[in-house]
Amino acid sequence: MQKSVRLKSFELIAQDIDSVDVSLLHALSMGVGWPHRPKDWDFLRRAGRGIVAVDGIGRVFGSAMWFPHGDDFATIGLVITSPRTQAQGNGRWLMEQVFEQCGDRNLALNSTKAAYNLYISLGFTKEAIVYQYQGDVAPRLPPLPDLNGQLSELSNDKLHEITALDTQAFGINRERLLALLSEGASVCTLRRGDEIVGYSMCREFGRGHVVGPIVASNAQDAIHLVAVHLKDLAGHFVRIDTREKGVFAEFLQQSRLALSETVTTMSKGRRFLTTNEGGPAVFGLAGHALG
Ligand SMILES: CC(C)(COP(=O)(O)OP(=O)(O)OC[C@H]1O[C@@H](n2cnc3c(N)ncnc32)[C@H](O)[C@@H]1OP(=O)(O)O)[C@@H](O)C(=O)NCCC(=O)NCCS
């Protein structure tokens with residue numbers, strides 16, 4: 001009896017990501033070592049659109065999502081192909097369909113090392129490095145710089161108070177995404193006088209919590225906007241994605257969040273990241289897929 005057999009290759013069909021059970025998406029992301037819980041996929045499906053690659057009996061072998069911000073811009077994420085089907089054109093095929101759905105929008109994404117060559121070949125260019133810090137928060141936080149302003153919690157019905165600041169920092173109005181994020185988040189603002197000069201959100205994600213977005217006009221403010229969440233999370237797992245180095249990154253490390261991975265911010269079309277001298281900047285990302 002022959003001891004090996006070559007099975008007929010199978011066909012994958014593109015389907016809307018909303019058409020499959022969340023457990024299949026969860027299995028897909030676990031298969032590549034990602035921490036997303038079913039709840040995180042539910043959230044992402046509410047926030048964006050996407051497709052899955054499904055075989056003839058409904059098994060999911062790939063995904064790709066995009067998150068529109070108006071008619072002009074979108075971020076791309078959750079591009080995954082199951083290890084068994086990698087390096088056979090599945091990832092490129094999924095991306096081409098995302099392009100078709102995104103139309104003329106300018107695009108940005110955060111690329112893992114595994115996907116970098118694929119995105120270069122699809123016309124994306126490199127803009128910056130994102131550092132992923134994570135770990136169990138230290139029992140005592142390092143000393144904080146002087147606080148210039150007042151920190152306070154922002155209730156969901158007052159979210160409009162941070163929209164303009166966020167748009168200045170992010171470069172694009174992402175009001176709808178902020179509203180969705182804030183549903184399950186604790187939102188903190190920093191006020192100087194009557195003005196809100198920074199904010200941060202903290203929500204459950206993956207293995208613990210994510211602090212992000214974090215918007216501030218300097219590293220000292222950003223440290224306070226992180227510490228306000230970390231002080232209640234001693235010993236708990238927290239993740240922060242940032243493009244910042246210097247004192248902000250040092251503070252994260254001293255709080256026992258270690259650098260675990262880097263990804264590359266890339267764009268296609270108009271440049272995504274803008275420098276905003278002296279103005280508010282994004283110190284923490286909402287998430288890899290969300291910009
Ligand atoms: C990144 C990922 C989606 C690519 O999917 P894929 O199905 O392997 O992609 P493709 O087969 O379409 O390959 C696309 C390109 O990637 C590169 N590539 C893929 N596998 C490769 C390998 N094993 N070695 C070298 N290059 C490889 C090639 O440049 C290929 O280009 P080609 O079409 O000219 O050959 C997949 O590896 C994956 O899910 N990785 C884990 C999750 C992840 O990192 N996702 C990216 C999030 S930004």
Side-chain angles (χ1 to χ4, degrees), residues 25-41 43-44 63 65 67 75-83 86 91 108-119 124 126-142 181 185-186 200-216 219 222-223 225-266 273 281-291:
L25 300 172
H26 183 224
L28 181 72
S29 54
M30 279 203 303
V32 294
W34 285 10
H36 299 65
R37 307 164 303 166
K39 268 185 184 178
D40 300 321
W41 276 105
F43 169 79
L44 290 160
S63 66
M65 292 198 74
F67 301 86
T75 60
I76 291 176
L78 286 307
V79 180
I80 304 173
T81 60
S82 57
Q86 282 173 11
L109 53 78
N110 291 303
S111 172
T112 58
K113 290 181 184 71
Y116 188 78
N117 287 343
L118 170 62
Y119 296 143
F124 284 85
K126 176 179 170 172
E127 291 203 17
I129 301 294
V130 175
Y131 304 91
Q132 181 180 327
Y133 289 96
Q134 61 185 33
D136 295 340
V137 177
R140 285 190 58 200
L141 296 183
L181 284 168
S186 139
S200 58
M201 289 194 191
C202 179
R203 69 183 198 281
E204 284 183 13
F205 170 83
R207 294 168 60 189
H209 285 80
V210 161
V211 183
I214 306 158
V215 166
I223 287 172
L225 285 160
V226 170
V228 72
H229 300 292
L230 295 191
K231 70 176 171 37
D232 298 330
L233 290 168
H236 293 274
F237 187 86
V238 169
R239 167 174 168 175
I240 294 177
D241 297 287
T242 184
R243 299 187 186 94
E244 290 294 315
K245 295 188 222 165
V247 289
F248 181 72
E250 280 161 26
F251 171 79
L252 300 183
Q253 283 169 317
Q254 288 161 3
S255 305
R256 295 211 192 140
L257 305 187
L259 180 60
S260 76
E261 203 196 327
T262 60
V263 292
T264 307
T265 302
M266 304 177 87
L273 299 174
V282 174
F283 278 76
L285 275 60
H288 278 179
L290 305 170

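A donor-acceptor pair is defined here as one N or O able to donate and one able to accept, closer than 3.5 Å; such a pair exists between the side chain of Arg203 and the backbone of Ala286. With Ser63 contributing its side chain and Leu78 its backbone, the two residues share a donor-acceptor pair below 3.5 Å. Side-chain N or O atoms of Thr75 include one that pairs as donor or acceptor with a backbone N or O of Ala289 at under 3.5 Å.
With sequence neighbours left out, the salt bridge (Lys or Arg N to Asp or Glu O under 4.0 Å) criterion links Glu261 to no other residue. Applying the side chain to side chain donor-acceptor pair (under 3.5 Å) rule to Glu127 yields the partners Ser267; only residues at least two apart in sequence or on another chain are considered.
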Show me the donor-acceptor pairs within less than 3.5 Å that the side chains of residues 108-115 make with the rest of the protein, sequence neighbours left out.
residue, atom, partner, partner atom, Å
Asn110, OD1, Thr265, OG1, 2.7
Asn110, ND2, His288, O, 2.8
Ser111, OG, Tyr116, N, 3.3
Thr112, OG1, Ala115, N, 3.4
Lys113, NZ, Thr262, OG1, 3.3

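Expressed to the nearest 0.5 Å, how far CD of Glu244 lies from CG of Leu252 amounts to 10.0 Å. If you take CZ on Arg243 and CG on Leu285, they are separated by 4.5 Å, rounding to the nearest 0.5 Å. Separation of atoms NZ (Lys245) and CD1 (Ile129) is listed at 8.5 Å; rounding is to 0.5 Å. Atoms CG and OG, on Asp40 and Ser29 in that order, are 8.5 Å from each other to the nearest 0.5 Å. Here Gln254 contributes atom CD and Ile223 contributes atom CD1; the two are 8.5 Å apart, rounded to the nearest 0.5 Å. For the atom pair Leu28 CG and Ile80 CD1, the distance stands at 4.5 Å (nearest 0.5 Å).
Contact record, Ala216 with Leu225: CB-CD1, 4.1 Å, taken as the closest heavy-atom pair. Leu44 approaches Phe67 most closely through the heavy-atom pair O-CE2, 3.5 Å. Closest of all the heavy-atom pairs between His36 and His26 is O-CD2, 3.1 Å.
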Verdict with supporting geometry, Leu118 and Phe124, side-chain contact (heavy atoms from CB on, under 4.5 Å): CA-CA 9 Å; Leu118 170 62; Phe124 284 85; over 6 Å; no

side-chain contact (heavy atoms from CB on, under 4.5 Å) between Ile214 and Ile240, intermediate numbers included: CA-CA 9 Å; Ile214 306 158; Ile240 294 177; 4.1 Å; yes

Passes side-chain contact (heavy atoms from CB on, under 4.5 Å), Val137 versus His236? Steps please. CA-CA 6 Å; Val137 177; His236 293 274; 5.6 Å; no

Walk me through whether Gln86 and Val32 qualify under side-chain contact (heavy atoms from CB on, under 4.5 Å). CA-CA 11 Å; Gln86 282 173 11; Val32 294; 4.0 Å; yes

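Residues Ser255 and Val226 form no side-chain contact, since every pair of their non-hydrogen atoms from C-beta on lies 4.5 Å or further apart. No side-chain heavy atom of Asp241 sits less than 4.5 Å from a side-chain heavy atom of Val263. Between Cys202 and Asp232 there is no side-chain heavy-atom pair separated by less than 4.5 Å.
Sparse packing is recorded around CZ of Arg256, with 12 or fewer heavy atoms of other residues, nucleotides or ligands lying under 6.0 Å away.
Between Phe283 and Phe248, the ring planes are perpendicular. Angles over 60° get that label, and only those under 30° would be called parallel.
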